[in-house]
Amino acid sequence: IQMKKNDPKMEEAGFSAEKDKQGPIIPYSSIQIYANLTHLLYALRCVAVTREGSRSKILTKLESLFCTAAGQPAKMLATVSVRTAWSLFLQVLNLPKGSEVLMTCINIPDMVQIVKEHGLVPIPVDVSLNTTAPTVDDFKAAISPKSKLLMLSYIYGIIFPIEEIKRVCKERGILIIEDIAESYIGNNYIGDKDAVLSLFSFGNIKRYTAFSGALSFIRDPIIFEKMNSINNSFTLQRRRDIFKKICKVAAMRLLLNNQTANYRAKQFFKAINFNYKEFVVKNLRGFNPQKDFLGKFKKQPSVAVLQLLYYRLSNFDGKTFTEANAKLQRAVEKLEKNGVPIPGSSFTKRSFWLFPVIVPDVNLCTEMLNKRGVDAYLGATQLRKVHPPLNSPCPKPEKMYGFFDKILYMPISEIVPESVINKMTDEIIRVCKIVEKYLEKCEPNTKLQFQGKYYT
């Protein structure tokens, strides 16, 4: 049903008066490059002067930086990406074909596809909105006699407790893998001591980016030796490719992080009706599609990337990190208090990499917030739903289905002043209330979908 501009329901909700209301552009983006000019210049220096002979020394310093601080008997493996380490782990484990890998049901498609490429079956485990974590009951419901592994993905930087889940895994003989790609919170945290593998990413748009690279912490020495041996057989990232990536990221950073450039760019792109956010995300993705799916992950990180990674992480400032998190946590609490749910709001141990909120209708809210100058965006991450296999007896992740399609990403990050964050949260609350009221006026069975200038 096409909803006309003078629809009484729209008028009653105050929607007609508010839908086209314009606001000043707020020059912050929902996607950030967490690197300053010093980091970019140091990265270029690493490409120019760091030599392959220093690889062993740099790796030793990196491992000492983490494992000494965390006080855990884990071995560190540096790979070109988390995907590489995940594929290596499954290759080394060599599980029987058809074995099941339980995965939290919001995940990166490549991580799911890697499971399938190794002849294994990904099984989704439901998660709750307020925790982004599975309950023990949800986990138990997904287990079958074929279950061998559990991958817990700490999405949106949220680190949730897993003590009860660990107990069940121990009873059932299920190994735990942690995908902590989005949740680096300092060098004294390398994952849970009972996880066989914990994965951290430092790609282009991560909070402590080295523009490439991942660190894995492996708590089984035999598995480590085998993974390390295969990883060492891979070809090295080429220096010129790293140089090109740094230059590309520098250009994207100017567009995203610089307030003046961001403001002017938004004006220009709006005038020519160009989706600059889609363009940016496409250019910041770590891997492009190719026929040999697993082959694209089979590279070793450049020694320049390792040196930059050591530089970034050895200069981690816990005080600055804590202060930034406290500022962003205040925004979470304000939105929650005013009826705007935030995924994972029950836990404060986290890294604010992205800022997701739950809205009544993502398309209407995106349209209205963008007109008000708030750079809300749907495509800030590759996270997608993990569905059960066809004809599988495992339960559908119904809780996740209830909120995932309502997630919208906001330009709220550590670089944004708190006064501006307050303005944006005011707009988010206002828009959500207007859209929610409008939806309540619609027929209960009418599905609202944004289609340009009309609604069906």
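For clarity, every value in this text was computed on a predicted model and none was experimentally measured.
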Measure from NZ or CZ of Arg264 to the centre of the six-membered ring of Phe268 and say whether it is under 6.0 Å with the direction within 45° of the ring axis.
->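 So Arg264 doesn't make the cation-pi contact.
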
Under the 6.0 Å and 45° cation-pi test, does Lys61 pair with Tyr310?
->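 Geometry flag: set, cation within 6.0 Å and 45°.
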
Is the shortest distance from a Lys or Arg side-chain nitrogen in Lys75 or Glu225 to a carboxylate oxygen in the other one below 4.0 Å?
->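 Looking at Glu225 together with Lys75, the answer is no, because their closest N to O distance does not fall below 4.0 Å.
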
Salt-bridge contact Asp126-Lys399 (side-chain N to carboxylate O under 4.0 Å) =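 No salt bridge links Asp126 with Lys399.
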
List the steps, then state whether salt bridge (Lys or Arg N to Asp or Glu O under 4.0 Å) holds for Lys327 with Glu323.
-> CA-CA 6 Å; Lys327 175 178 70 174; Glu323 289 173 351; over 6 Å; no

Donor-acceptor pair, side chain of Thr322 and main chain of Gly318, under 3.5 angstrom =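 Between the backbone of Gly318 and the side chain of Thr322 there is a qualifying donor-acceptor contact (under 3.5 Å).
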
Side chain Thr425, main chain Ile421, donor-acceptor under 3.5 Å |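 Checking the backbone N and O of Ile421 against the side chain of Thr425, a donor-acceptor pair under 3.5 Å is found.
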
Can you run down the ring pair (Phe, Tyr, Trp, His ring centres under 6.0 Å) pairs that involve residues 31-65, sequence neighbours left out, and say none if there aren't any?
->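 Applying ring pair (Phe, Tyr, Trp, His ring centres under 6.0 Å) to every pair that reaches into residues 31-65, excluding sequence neighbours, yields Tyr42-Tyr311.
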
Does the separation of the ring centres of Tyr184 and Tyr208 fall below 6.0 angstrom?
->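 Between Tyr184 and Tyr208, the centre distance is under 6.0 Å.
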
Can you list the residues that meet the side-chain hydrogen bond (donor to acceptor under 3.5 Å, both in side chains) rule with Ser212, with sequence neighbours excluded?
->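 With neighbours one apart ignored, the set is Gln237.
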
With respect to Asp194, which candidate in Lys166, Arg167, Arg219 satisfies the side-chain hydrogen bond (donor to acceptor under 3.5 Å, both in side chains) definition?
->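 Checked Lys166, Arg167, Arg219 against Asp194; only one passes side-chain hydrogen bond (donor to acceptor under 3.5 Å, both in side chains): Lys166.
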
Kindly list each side-chain donor-acceptor pair under 3.5 angstrom involving residues 168-181, sequence neighbours excluded, with atom names and distances?
{"residue": "Glu178", "atom": "OE1", "partner": "Asp192", "partner atom": "N", "Å": "2.8"}
{"residue": "Glu178", "atom": "OE1", "partner": "Ser198", "partner atom": "OG", "Å": "2.7"}
{"residue": "Glu178", "atom": "OE2", "partner": "Tyr154", "partner atom": "OH", "Å": "2.6"}
{"residue": "Glu178", "atom": "OE2", "partner": "Asp192", "partner atom": "N", "Å": "3.4"}
{"residue": "Asp179", "atom": "OD1", "partner": "Ala181", "partner atom": "N", "Å": "3.1"}

Using a cut-off of 6.0 Å, state whether more than 12 heavy atoms not belonging to Arg51 lie near its atom CZ.
->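 Atom CZ in Arg51 is crowded, with more than 12 foreign heavy atoms closer than 6.0 Å.
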
